[in-house]
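Single-structure report; data block below.
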Amino acid sequence: MTERIAETQLPEDSDSERTNRKNGLLREVSDELVQNMKQGWADTERRDLEPLPQAAYTARRRAELSARFPGELLVVPAGNPKVRSNDADYPFRPSSDYVYLTGDQSQDAVLVLEPGEDGAHQAFAYLRPRSDRGSGEFWQDYHGELWDGRRNSLAENEQLLGLPCRDVRTLTGRLAEATGPVRVLRGHDPGVEAALGQRATADRDEEFRVFLSGMRLVKDEFEIGDLRFACAATARGFEDVVRILGPDQPTSERRIEGTFFLRARTEGNDVGYSSICAGGEHATTLHWVRNDGEARPGELLLLDAGVETNNLYTADVTRTVPVSGRFSPIQRKVYEAVLAAQEAGIAAVKPGAAFRDFHDAAQRTLAEYLVSWGLLGDRTADEVFALGLQRRWTLAGTGHMIGLDVHDCAKARTESYVDGTLAPGMVLTVEPGMYFQSDDLTVPEEYRGIGVRIEDDILVTADGNENLSAALPRTVEEIEAWMSRLRG
Ligand code: GLY
Ligand code: MN
Ligand code: MN
């Protein structure tokens with residue numbers, strides 16, 4: 001005889017949508033099977049774990065957060081899996097602020113800083129524990145361990161993360177009991193937000209979000225190490241792409257995308273954003289991620305791609321290379337203007353400089369080249385720059401912070417980011433470009449369809465800067481020699 005597993009045997013957060021997978025073919029289970037699945041499992045608890053390498057850093061970050069909001073209950077969810085279709089989810093990506101403060105990447109997890117009598121906080125990670133073999137959860141729940149893989153026990157996570165861990169299924173009750181002011185990072189866990197209800201207010205939560213984002217502006221040693229690693233791994237992916245670029249026949253953008261991704265995965269990493277693999281005129285689209293065209297000999301390939309480490313820090317690098325291995329005169333002309341702009345931009349990255357300085361330096365250089373080429377009539381470069389007329393062909397800002405997010409710290413206060421000052425430990429891209437659309441009748445025909453961007457990841461140091469992606473060549477001569485060497 002068969003029967004559906006009793007509701008009471010499933011954990012409290014299971015629901016029919018999560019337990020009914022696929023087509024329900026195996027929904028019916030016998031009592032014998034239920035009993036059978038409860039026993040016969042070895043104790044796999046690990047008692048030999050060391051703290052994560054970043055545990056000391058995350059503790060320091062939590063202390064900084066605690067000091068800013070004494071006496072308030074602070075809630076930072078990792079977020080929940082997102083459905084891609086039916087019962088298949090997108091790969092889970094925890095919220096960056098949760099990762100920053102814990103080093104953990106678990107889905108459904110929540111960091112809570114609970115204030116004590118003196119206003120100082122005790123931090124707890126609320127996590128899904130191991131699946132209980134006594135219930136059907138581990139083999140019948142949509143996200144049970146038999147389906148999704150083994151989770152760490154709470155005790156194991158306490159060792160790894162260096163902070164006390166609690167069962168996340170108890171969190172709603174604890175939030176309901178808590179009194180006093182509350183702040184929550186919104187947009188990641190609707191269940192947590194619902195449990196807090198009216199006690200969390202939009203204004204105060206926005207202030208919390210802005211502070212969290214601003215905390216990440218200056219990277220610590222652990223983060224800089226990871227970004228350095230991401231840039232080195234990214235360089236290897238670019239080399240692989242150059243090796244498969246056909247000098248005599250087209251190479252599909254899909255294959256270029258796959259080649260970069262293969263290198264990232266082969267080394268155990270991921271990509272931090274959708275790779276932009278833009279052959280020919282596709283390079284004039286800033287974020288060309290359709291990647292459904294070809295890179296043909298005689299055209300340029302703009303490749304904008306970044307490896308993301310297992311700690312979720314991403315590089316963001318662009319090189320624009322001639323598919324044939326040699327720049328044509330007009331390609332070289334545009335390329336060298338962008339390179340000059342990038343050099344001017346990088347030279348403006350130093351502690352104490354305004355964040356806007358490198359953008360202005362690069363844009364002014366681009367304006368000078370455009371004027372010298374006669375594309376702006378009688379205007380002087382100063383007039384062009386003041387009116388921003390170069391932007392018809394330069395389009396975007398010249399750079400942004402990188403880190404856990406490719407566009408990092410985006411919610412930080414304007415005064416401390418775009419209107420702020422560079423400080424040692426900040427890591428930003430410098431990525432000027434020139435983009436001549438193929439239907440732009442205001443430029444001579446030879447420019448049309450050419451897009452060039454050069455993007456490097458620059459660390460602000462105590463006395464200037466360091467280019468973390470300098471392993472990849474940038475001058476015309478270096479690029480041609482590099483391509484020739486890699487293609488044998
Ligand atoms: N890859 C996106 C950007 O360069 O900002
Ligand atoms: Mn980029
Ligand atoms: Mn970028």
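Read the numbers this way: they start at 1 and go in the same order the structure lists the ligands and their atoms. Worth knowing before you read on, the calculation uses all heavy atoms, side chains too, and leaves out hydrogens, waters and symmetry mates.
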For [atom], what's the nearest protein heavy atom and its distance?
| atom | value |
| --- | --- |
| atom 5 (O) of ligand 1 | His407 NE2, 2.7 Å |
| atom 4 (O) of ligand 1 | Glu431 OE1, 3.1 Å |
| atom 3 (C) of ligand 1 | Asp316 OD2, 3.4 Å |

Going by distance alone, is a donor N or O of one side chain under 3.5 Å from an acceptor N or O of the other, for [X] and [Y]?
| X | Y | result |
| --- | --- | --- |
| Asp457 | Ser469 | no |
| Asp304 | Tyr273 | yes |
| Asp316 | His400 | yes |
| Asp97 | Ser95 | no |

Where ligand 1 meets [X] - atom numbers and elements under 4.0 angstrom, heavy-atom basis:
| X | result |
| --- | --- |
| Asp304 | 1 (N), 2 (C), 3 (C), 4 (O) |
| Glu455 | 4 (O) |
| Tyr273 | 1 (N) |

Under-4.0 Å salt bridge between [X] and [Y]:
| X | Y | value |
| --- | --- | --- |
| Arg413 | Asp419 | no |
| Glu343 | Arg474 | yes |
| Glu221 | Arg228 | no |
| Arg263 | Glu267 | yes |

Item to complete: Report the angle formed at the Mn ion (ligand 3) by atom NE2 of His400 and atom OE2 of Glu455, rounding to the nearest 10°.
Response: 130°
Practice prompt. Using a 4.0 Å heavy-atom cut-off, say whether Val406 meets ligand 1 through its side chain, its backbone, both or neither.
Written response: neither
Discussion item. Under 2.8 Å from the Mn ion (ligand 2) - does any N, O or S atom of Glu431 fall there?
Written reply: no
Worksheet item: With a 4.0 Å cut-off on heavy atoms, does Arg453 reach ligand 1?
Response: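 Under 4.0 Å: no for Arg453.
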Response to the item:
Atom name of the N, O or S atom of Asp316 nearest to the Mn ion (ligand 2) is OD1
